[in-house]
Structures are given as structure tokens and as C-alpha cells.
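What you see is a predicted model, and the numbers here were worked out from it, not measured in a lab. Here is how names work: the chains are called A, B, and so on, in the same order as the sequence lines, proteins then strands, and each is numbered from 1.
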There are 2 protein chains.
Amino acid sequence: MKNKKVITTNDISSSQHIGKLIFQLQRLERNPRAFGEAGTLTPSEIHAVDAIGEDGNILMSQLAERLGVTKGAITQVISKLEKKGITFRATHPEDSRAVLISLTEKGEIAFRAHMELHAQFNQKLREELSLDEIAIFEKCIKTFTSLLNRENERKSK
Amino acid sequence: MKNKKVITTNDISSSQHIGKLIFQLQRLERNPRAFGEAGTLTPSEIHAVDAIGEDGNILMSQLAERLGVTKGAITQVISKLEKKGITFRATHPEDSRAVLISLTEKGEIAFRAHMELHAQFNQKLREELSLDEIAIFEKCIKTFTSLLNRENERKSK
DNA sequence: ATTAAATAGTTTAGATGGTATACTACATGT
DNA sequence: ACATGTAGTATACCATCTAAACTATTTAAT
């Protein structure tokens with residue numbers, strides 16, 4: 001039987017906060033969600049919708065790059081979205097191998113519902129934090145992310 | 001063909017930073033990793049090791065609660081860890097239904113290697129951010145997490 | 001004491017989301 | 001013209017989770 005904390009240094013506390021953040025993020029990323037008239041979409045589906053929505057239309061391979069997954073994974077998620085009537089494929093006019101993905105009307109609804117969700121979340125955050133705090137928060141997130149990115153790059157070599 | 005940004009408000013930028021953070025976190029959470037002599041563990045395995053390591057020993061159901069998954073999921077991950085020689089089961093002395101999980105020597109090695117990884121990461125973060133910034137960062141993370149938590153709770157009702 | 005209900009953990013089928021690999025079809029450079 | 005490269009797809013497999021049915025044990029009610 002041990003004590004709860006074997007090592008006690010001031011860096012543990014920040015780890016704990018970040019740990020809880022990761023916990024909640026993962027929890028959020030595990031469940032499907034309803035997007036208005038567009039119906040229920042899984043996390044990976046809405047991520048794809050988000051990327052397509054921001055670009056207007058996008059190649060399969062660009063989507064793979066952007067979401068950090070293989071082309072095979074994209075084929076699967078797009079096929080599901082197509083079946084749900086959220087996206088549609090079109091052959092690229094100058095390269096018949098390439099496939100351009102776009103949002104249907106229903107897809108646009110899902111996209112806007114998702115944007116709205118984010119906007120609401122950001123507003124809640126602004127209600128609880130000052131502008132200065134948010135500015136620093138963003139800087140820290142950027143630093144944190146680039147450290148994480150370096151970590152991920154290092155590992156994938 | 002649309003413009004890259006349909007809507008441009010100042011809350012978009014913070015979304016983008018957070019989006020990238022989530023992207024990198026998920027990327028990190030997708031790949032197994034080597035923990036010294038203890039061998040390679042998948043993300044969910046090291047999460048379990050972490051929780052057990054901090055408590056010394058823990059019941060299956062406590063572990064499920066702590067990791068935010070069902071008991072069935074815990075049974076599965078612990079069975080894998082046991083097969084790898086990282087953890088072992090013991091019957092609770094006062095309730096023969098209950099099972100206490102503990103780390104083996106090898107499990108302790110994995111736990112310490114993981115702690116070390118976190119400590120190194122925190123140190124890098126401290127090199128790039130001031131103490132004041134870190135303090136605000138932690139406050140923001142806490143706020144952000146509790147908002148996320150509320151969101152998750154709302155949904156699971 | 002008996003018995004019903006609650007609780008701890010396990011098992012298993014199926015959902016989700018990813019990879020690796022082999023494949024088809026098309027494009028491009030020499 | 002032909003070898004090589006590239007875009008996307010299909011498929012087998014892996015990791016992780018849930019839900020639901022199950023066993024075994026404990027607790028509570030009468």
C-alpha cells in the first residue's frame with residue numbers, strides 16, 4: 001500500500017489539469033451527436049464535414065492530409081457520409097483520377113450546426129475568462145501544440 | 001467554389017488553435033509507445049498503468065470510474081496488461097467479488113517511464129513559457145475542462 | 001434464516017475508427 | 001510507347017469502446 005502521491009513536485013499539478021482536459025476531450029470525441037436536420041454524425045464524420053465546409057470542396061488526399069489519417073480511412077468516412085446524404089463526390093475536371101468532395105444542402109446544415117456549437121462554446125469561455133487570459137491561453141495552446149507536434153513527428157520517424 | 005473563410009469573427013482564431021491541439025492530442029493517443037524495459041504499451045494500456053500507479057492498487061470498478069469507461073472495457077485492458085506481465089489481480093480481502101489490481105515490477109518501470117516522459121514535457125513547456133503564463137494557462141484549462149465536462153454531462157443524460 | 005435485490009467482475013457481439021497492403025485506373029516524363 | 005508515379009478504393013485486420021447477458025457474492029427485507 002502506497003501513498004497517493006509518490007513524487008510531489010510543482011509540475012505534477014499542471015499534468016493533472018492537462019490530464020483531465022485530455023480525459024474530457026476524449027470523452028467528447030467518443031460519442032455521436034445530432035446536428036439539427038442533418039441527423040446524427042460520429043466524431044470522425046463531423047471532423048470531415050468541418051474540413052470540407054471550410055474549403056468548399058477538397059480532394060480525398062487533401063482531406064486525408066488535413067485530418068492526419070490515411071487515404072483508406074477517408075474513403076471509408078466519405079462513403080458513410082455519402083450514404084447519409086451529407087457529401088457527394090465529383091471527378092476533378094483536369095484529373096480523372098482525383099475526386100472532389102463537397103457538402104450537400106444537408107451537409108451545409110450539419111456544418112453550420114457544428115460552427116454554431118463552437119461559437120456557443122467560445123462564448124461561454126469568454127464569459128468566464130478575461131480577454132487577457134484568453135490571449136495568453138491561446139499563446140500557451142500554440143506552444144503546447146507545437147511541442148506535441150514535435151513529439152509526434154519524432155515518434156513517427 | 002467558396003472563400004476559405006465564410007465567416008470571420010474573432011472567436012474563430014481561438015477555435016482553430018484548440019482544433020489543432022485536439023488534432024495533435026488525438027494523434028498522440030493513437031499510437032503505442034515503448035516504455036523502457038516494460039515494452040510497448042497502447043494508449044489505453046498506459047492510461048490504466050498511470051491510474052494504478054498513482055493509487056498503488058485499485059478496484060476494477062474504481063479504475064472504470066476513473067478512466068470514464070465501462071467495467072467491461074477495464075476487464076479487457078487489464079487482461080491484456082496481465083498477459084504482458086504489467087499488472088496482477090488479487091481478490092479483495094473483505095469482498096470476494098472485488099478484484100484489486102496492482103503493478104508488477106515491470107509495471108512500475110512502465111509507470112516511472114511514463115512519469116518521466118511527462119516531467120520532460122513539462123520542463124520543455126516551462127522553458128518556453130513564463131510562470132505567470134503557466135498559471136493562467138492552468139486556470140484556463142480548468143475552465144475549459146469544466147465547460148467540456150458540463151457539455152459531456154448534458155449529452156449523457 | 002430465507003430469499004430478493006444489488007453489486008463486482010467477466011464475456012461476447014457489434015460499433016467505430018483506424019492501418020497496411022494490394023489493387024485499379026489514370027497521368028506523366030523520357 | 002512504356003515505365004513509373006499518383007489518386008482513390010477494397011479488404012483484412014487491429015484497438016477500443018459499449019451494451020447486454022451472465023456468474024458469483026454481498027446486503028437487505030421480512
Visitor: Taking only the side-chain heavy atoms of B/Thr42 (C-beta and beyond), determine which of D/dT25, D/dA19, D/dT16 contains the nearest atom.
Guide: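 Looking only at heavy atoms from C-beta outward on B/Thr42, the closest nucleotide is D/dT16.
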Visitor: Contact class for B/Ser61 (heavy atom, under 4.0 Å): base, sugar-phosphate, or nothing?
Guide: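 Here B/Ser61 touches the backbone only, sparing every base.
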Visitor: Which nucleotide, D/dA19, D/dT6, D/dT26, lies nearest any side-chain atom of A/Arg97?
Guide: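 Out of D/dA19, D/dT6, D/dT26, the nucleotide with an atom closest to A/Arg97's side chain is D/dT6.
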Visitor: Do A/Phe144 and A/Phe137 have their ring centres less than 6.0 Å from each other?
Guide: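 No, the ring of A/Phe144 stays outside the 6.0 Å limit from the ring of A/Phe137, centre to centre.
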Visitor: What's the CD-P distance between B/Glu45 and D/dA15, to the nearest Å?
Guide: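 After rounding, the gap between these two atoms is 8 Å.
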Visitor: In whole angstrom, what separates A/Gln76's CD from D/dA12's C1'?
Guide: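 It works out to 11 Å between those atoms.
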Visitor: Under a plain distance cut-off of 3.5 Å, with no hydrogens placed, do A/Arg126 and A/Gln123 share a side-chain donor-acceptor pair?
Guide: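 No, no side-chain donor-acceptor contact under 3.5 Å.
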Visitor: Can you tell me which nucleotide in D/dT16, D/dG8, D/dC17 comes closest to the side chain of A/Val99?
Guide: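 Output: D/dG8.
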Visitor: Closer to the 5' end of DNA chain C via nearest nucleotide, is it A/Gly68 or B/Ala98?
Guide: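 That would be B/Ala98.
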Visitor: Give the rounded distance in Å between these two atoms: CD1 of A/Ile78 and P of D/dA10.
Guide: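 Whole-Å distance recorded here is 13 Å.
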Visitor: Identify whether any heavy atom of B/Ser44 sits under 4.0 Å from a base atom; if not, whether one sits that close to sugar-phosphate; answer base, sugar-phosphate or nothing.
Guide: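 Sugar-phosphate: the residue B/Ser44, judged by heavy atoms under 4.0 Å, touches backbone atoms but no base.
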Visitor: Using a cut-off of strictly less than 4.0 Å, decide whether B/Lys80 has a side-chain nitrogen or oxygen near OP1 or OP2 of D/dT16.
Guide: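 Affirmative; the distance criterion is met.
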Visitor: Is the backbone N or O of A/Ser146 less than 3.5 Å from a side-chain atom of B/Lys20, with the two atoms forming a donor-acceptor pair by type?
Guide: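 It does not hold such a pair.
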Visitor: Just checking A/Leu59: base, sugar-phosphate only, or nothing, at a heavy-atom cut-off of under 4.0 Å?
Guide: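 Sugar-phosphate: the residue A/Leu59, judged by heavy atoms under 4.0 Å, touches backbone atoms but no base.
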Visitor: Rounded to whole angstrom units, what separation is found between the CD atom of A/Glu65 and the C1' atom of D/dA7?
Guide: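 For the pair A/Glu65 CD and D/dA7 C1', the rounded distance is 14 Å.
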Visitor: What is the distance from CD of A/Gln62 to P of D/dA7, rounded to the nearest Å?
Guide: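 Going from CD in A/Gln62 over to P in D/dA7 covers 10 Å.
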Visitor: Between B/Leu41 (CG) and D/dT16 (P), how many Å, whole number?
Guide: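 Nearest whole value for this atom pair: 10 Å.
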Visitor: Give me the first and last nucleotide of DNA chain C, going 5' to 3', that has any atom under 4.0 Å from a heavy atom of chain B.
Guide: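 Contact span on the strand: C/dA6 to C/dG18.
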Visitor: Ring pair (Phe, Tyr, Trp, His ring centres under 6.0 Å): which pairs involve residues 21-69 of chain A, sequence neighbours left out?
Guide: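 For residues 21-69 of chain A: A/Phe35-A/His114.
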Visitor: Report which part of the nucleic acid B/Thr75 touches: base, sugar-phosphate, or nothing (heavy-atom distance under 4.0 Å, all strands).
Guide: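 B/Thr75: base contact, heavy atoms under 4.0 Å.
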Visitor: Ignoring backbone atoms, establish whether B/Ser96 has a side-chain N or O less than 4.0 Å from OP1 or OP2 of D/dA24.
Guide: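 Checking B/Ser96 against D/dA24: no side-chain N or O falls below 4.0 Å of OP1 or OP2.
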Visitor: When you group the ILVMFWY residues by side-chain heavy-atom contacts below 4.5 Å and let the links chain together, are A/Val77 and A/Leu67 in the same group?
Guide: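 Yes.
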